[in-house]
Amino acid sequence: MSTPLTWNDSSAQAVATQSYREQAVRIIRAQIVSGRLEPGSLYSIGEIAEKLNVSITPVREALHDLVREGLIEMKRNRGFRVRTPSSKELDDIVQIRTMLEVSSVREITERGLIDDFAPLRKLSRKTEIFAEAGEWIGFLDTDREFHLSILAALDNPKLLEIVGSLRDQSRLFGLDKMAGSPNFLQSTKEHELLLDAMEAQDPQRAASIMTTHLRHVRGVWAGQSEPETLVP
């Protein structure tokens, strides 16, 4: 019987309601997004299955899911490579996310669509803990859940599907380098600032924080400098 998937990340504990395929998707995606699986390198399915201590079947199924997300390319009888998106492609993703998420946050705040901010603040704190520890599977999971939980207030499943897909196609190759750094930790605290603005029903402030926060996808979170200071 295969043991739970971990890949040397304490946040990647087995989840009873998830199949090995679903767990493998989460873990491999996190390795790709954080840059631990490097673009251009060829990885064998057996190699990944061995790291996860599971059979090849759930890993192969997980990889097909990641192909559909645009994260990898399968190489017949050889394995897979992580796709190398161009800077233009990544910039386009951030531009679309900004168009969708900033206006959504503004509308949610204006309409007061969130009554209980406690669950979101709990997610925010968990994200900070994972960020400080450099546990990227937990960080990416909770960060994703945080943002999509906010957008869910609009009751628009298609919006969640699009934003979720765009998030998965982002590359944050600087995560390992930025773990624990002041700028990175400060950027994670913007979740609390965002919730404060939304709870105070200040749509302009909420939109401004969200804009700055998304800029980090191509800035702080990617190990790059940013032209403007972080939100105080």
* To do: Could you tell me whether E107 and R111 make a salt bridge, using a distance below 4.0 angstrom between a side-chain N and a carboxylate O?
  => yes

* Verify, without hydrogens or angle tests, whether T212 (side chain) and S208 (backbone) share a donor-acceptor contact under 3.5 angstrom. => yes

* Side-chain heavy-atom pair Q23, V25 within 4.5 angstrom cut-off -> no

* Asked: Is the shortest side-chain N to carboxylate O distance from R83 to E69 below 4.0 Å?
  -> no

* Pairwise distance CG(D202) to CG(D196) - rounded to 0.5 angstrom -> 11.0 Å

* Check ion pair K88-D91 (N to O, under 4.0 angstrom) -> no

* Quick one: are S19 and E22 in side-chain contact, heavy atoms under 4.5 Å? -> yes

* Heavy-atom donor-acceptor pair, S165 side chain to I162 backbone, under 3.5 Å -> no

* Asked: How long is the span from the NE2 atom in H64 to the CZ atom in R21, to the nearest 0.5 Å?
  -> 8.5 Å

* Asked: So, R78 side chain and L42 main chain: donor-acceptor pair closer than 3.5 Å or not?
  -> no

* Pairing of E135 and K126 as salt bridge, 4.0 angstrom limit -> no

* Asked: Do E101 and L214 come within less than 4.5 Å of each other through their side chains, counting heavy atoms only?
  -> yes

* Asked: So do the side chains of D143 and H191 get within less than 4.5 Å of each other, counting heavy atoms only?
  -> yes

* Asked: Quick one: are M74 and L63 in side-chain contact, heavy atoms under 4.5 Å?
  -> yes

* Measuring from E132:CD to F139:CZ, what's the distance to the nearest 0.5 Å? -> 11.5 Å

* Can you measure from CG (L166) to CD (E161) and round to the nearest 0.5 angstrom? => 10.5 Å

* Asked: So do the side chains of V102 and M210 get within less than 4.5 Å of each other, counting heavy atoms only?
  -> yes

* Distance-only, no hydrogens or angles: does the S149 side chain make a donor-acceptor pair with backbone N or O of E145 under 3.5 Å? -> yes

